Visitor: 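Below you'll find the structure I mean.
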Amino acid sequence: MDSQTLLYIVPLCGVLALTYAVLRGIWINKQDAGNERMQTIAAHIREGAMAFLRREYSVLAIFVVVVAALLAWANYSNNAGLIGVSVLAGALCSGAAGFFGMRVATAANVRTASAARSSLNQALKVAFSGGAVMGFCVVGLGILGLSTLYLLYSGMFVEGGVTDLNRVIKVITGFSFGASSIALFARVGGGIFTKAADVGADLVGKVEAGIPEDDPRNPATIADNVGDNVGDVAGMGADLFESYVGAIIGSLVLGAAAALNAGETGRAPALVLLPLVLAGLGIVVSLASTFLVRTKEGGNPSHALHAGTLSAAVVMLIVTYFVTRALVTDTYPLAAGGEFGAMGIFWATLAGLVAGVAIGLITEYYTSESRSPAQGIAQESLTGSATNIIAGLALGMKSTALPVIVLVAAMMVAYSQAGLYGIAIAALGMLSTTGIQLAVDAFGPVADNAGGIAEMSHLGPEVRGRTDRLDAVGNTTAAIGKGFAIGSAALTALALFAAFRTTMGLEEIDVANPKVMGGLFLGAMLPFLFSSMAMQAVGRAASAMIEEVRRQFKTIPGLLEGDENAEADYATCVDIATQGAIRQMVMPGVLAISVPVIVGFYDRSGATLGGVLAGVTATGVMMAIFQANAGGAWDNAKKYIEEGHHGGKGSDAHKAAVVGDTVGDPFKDTSGPSLNILIKLMSVVALVIAPLLI
């Protein structure tokens, strides 16, 4: 099969993913949605989630259109004005994936609760299917949008009968910028929403009023469940959409540079075609692996989910070996001397896959309630909130060591085997099975919502037992997903950074140069400033939520006592969280986009901007791992106590653990995950403006 035919097959893989997502969505909607009370509660959650998304997207639409127009105008003289179209396409695909994925997830939650009335396996199937729609919408729209634009531009930009590959790649980078813009605001906005609701629900409900989690008396309960969707479904989807697209584009930029240096021309040289083909085949492998996710009554749902993800990784590795050997038949020079070919690329891909699995396992160790680190925090809760928080901070700091060592090892192996292109292909290797990885991750909030609906609907203890089992597995998969997102963000940022260097023609970035050192310090500071802004935004929005919950407990007769005629005003709490998130997400986003532009035009050589990117990547990865793992461990330490250890629910240790969990909430669900996007977005902005600096 020739390269031209393969190029046309790639978008068909995207169509396959979207077809699967549609069929899964139709199947979910046919499942039993439970009794009237369950459907009413689910309707509140769905209406709140979709209302937030509509308001968020209405703000982002203005921003994206303005930026696309400015980029089109700035690049018009470089024959790259169509970059504006790419920006719009990237934003549209990312937004559409979030919209459809969350719409199905908010339909799957109540059906999971309903299925749990009869069978654990059926509940797992419904929840996983809800996550799968998000996962395959992301990879389907990502590869379909990117490959379609590549085909379009490579047919348009032809000079003397030969495709102008540099121009194609230059214009297509806008797709990643559009995706990154949506991702940052979706992550920050969704994170502010979910944690404002969560903090309000926990502090007033659990600590002050002493009522259980997901109790219908708590006015913030619906907003809390809405937040699970906007933060962990739409937000995580946008995050991995950006990583997925960024890894492919980084590979395209570096592959095109290597191909042109080797004298290869044509519509799709091997090093350019390979990332697209691997991404397309990754969809097929991920889709096939979803059918392995099943369990039996009394079985362990986590084993079923691991079976799907691990089988996808193994099969993808085998596929990569044969595809790489078939497509890459020439060798290419390495900057450090020597050359690389198909096997070098394969070993780089293997390094990325192994790193992704290893970081997931490390994250699980540090955050799982069944492991000693989280249990140690629970033990420290016996002596109060202060020791709980100290233990969580110490664990978060300690947990940065192993993931960073793994990332450095993967990066060094990839670079030694295939140069800068190897780093990009390692990032793609880690992300090639994003479809099922994200399906497993999005399963978590669906299961969490199902448990909340079961509690609020007063379903039997056997139902709540099944949803709790799914929720416990979902907490672990969510923590692993955050680790995977951080690892993929680090390698993707390195790939984009390498693409920026290649575009700018920077042979090296000398830290002895005062401009580079200044940029390094500036970049290293940004994750701290960004995290501060995100956490303060959560604090401000949570304060308003706390006051509203207290007001309702005081002014609605019989609400706190559980009077059947007293109903909480859920809509007001949802509106407070929405307004706070939309208002507070703007400044962190402006910071991420404006700094590379200002620094880049201040020093058009690219040296200072290179220092900024190096600094923000290094400290951003550390801060992201620290915050995600500390927050996850605090959360599961609380759950460990709630299982009956150290006095169980209502004990002094439990109250201390709730405080620690509340501190960790914005760590793991707002500022920590948003840093993934900060480091990628700044590299993408630098790559997009690079042609204007030369």
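Values below: all heavy atoms of this structure, side chains included; hydrogens, waters and symmetry mates excluded. As the structure is a computational prediction, the values presented were derived from the model and not from experiment.
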Visitor: Does Phe497 reach the side chain of Val616, with side-chain heavy atoms less than 4.5 Å apart?
Guide: no
Visitor: So, taking the atom named CD in Gln437 and the one named OG1 in Thr309, what distance separates them when rounded to the nearest 0.5 Å?
Guide: 6.0 Å
Visitor: Any side-chain donor paired with an acceptor under 3.5 Å for Lys680 and Ser243?
Guide: yes
Visitor: Between Leu438 and Tyr244, is there a side-chain heavy-atom distance shorter than 4.5 Å?
Guide: no
Visitor: Quick check: do Arg501 and Ile509 have side-chain heavy atoms less than 4.5 Å from each other?
Guide: yes
Visitor: I want to check something: taking the side chain as every heavy atom from C-beta on, are Leu687 and Phe177 in contact at a cut-off of under 4.5 Å?
Guide: no
Visitor: Quick check against the 3.5 Å criterion: does Ser176 have a side-chain atom that pairs as donor or acceptor with the backbone of Thr173?
Guide: no
Visitor: Quick check: do Pro596 and Val612 have side-chain heavy atoms less than 4.5 Å from each other?
Guide: no
Visitor: For the atom pair CG (Leu491) and CD1 (Ile359), what is the distance rounded to the nearest 0.5 Å?
Guide: 7.0 Å
Visitor: Using 0.5 Å steps for rounding, measure from the CD1 atom of Ile248 to the OG1 atom of Thr492.
Guide: 10.0 Å
Visitor: Report the C-alpha distance between Thr324 and Trp347 in whole Å, list the side-chain angles of each, state the deciding distance to 0.1 Å, and finish with yes or no for side chain to side chain contact (heavy atoms under 4.5 Å, CB included).
Guide: CA-CA 11 Å; Thr324 305; Trp347 292 122; over 6 Å; no
Visitor: Step by step, work out the side chain to side chain contact (heavy atoms under 4.5 Å, CB included) result for Ser432 and Leu278.
Guide: CA-CA 7 Å; Ser432 57; Leu278 290 179; 5.6 Å; no
Visitor: Side chain to side chain contact (heavy atoms under 4.5 Å, CB included) for Ile182 and Phe241? Distances and angles first, verdict last.
Guide: CA-CA 10 Å; Ile182 294 294; Phe241 184 95; over 6 Å; no
Visitor: Nearest 0.5 Å please: distance from the OG atom of Ser86 over to the CD1 atom of Ile172.
Guide: 6.5 Å
Visitor: Rounded to the nearest 0.5 Å, how far apart are CG of Leu526 and CZ of Phe521?
Guide: 13.5 Å
Visitor: Applying side chain to side chain contact (heavy atoms under 4.5 Å, CB included), run through Gln417 and Phe340 and close with a yes or a no.
Guide: CA-CA 6 Å; Gln417 294 298 313; Phe340 71 93; over 6 Å; no
Visitor: If we only count heavy atoms from C-beta on, is the Met343 to Arg325 side-chain gap below 4.5 Å?
Guide: yes
Visitor: Leu151 versus Pro11: any side-chain heavy-atom pair under 4.5 Å?
Guide: yes
Visitor: What heavy-atom pair brings Cys13 and Ile283 nearest, and what distance separates the two atoms?
Guide: O-CG2, 3.6 Å
Visitor: How close do Leu149 and Ala89 get, heavy atom to heavy atom, and via which atoms?
Guide: CD1-CB, 4.0 Å
Visitor: I want to know whether Phe346 and Tyr321 have ring centres closer than 6.0 Å.
Guide: yes
Visitor: To the nearest 0.5 Å, what is the distance between CG (Leu522) and CE (Met525)?
Guide: 4.5 Å
Visitor: Side chains of Leu276 and Leu7: does their closest heavy-atom pair fall under 4.5 Å?
Guide: yes
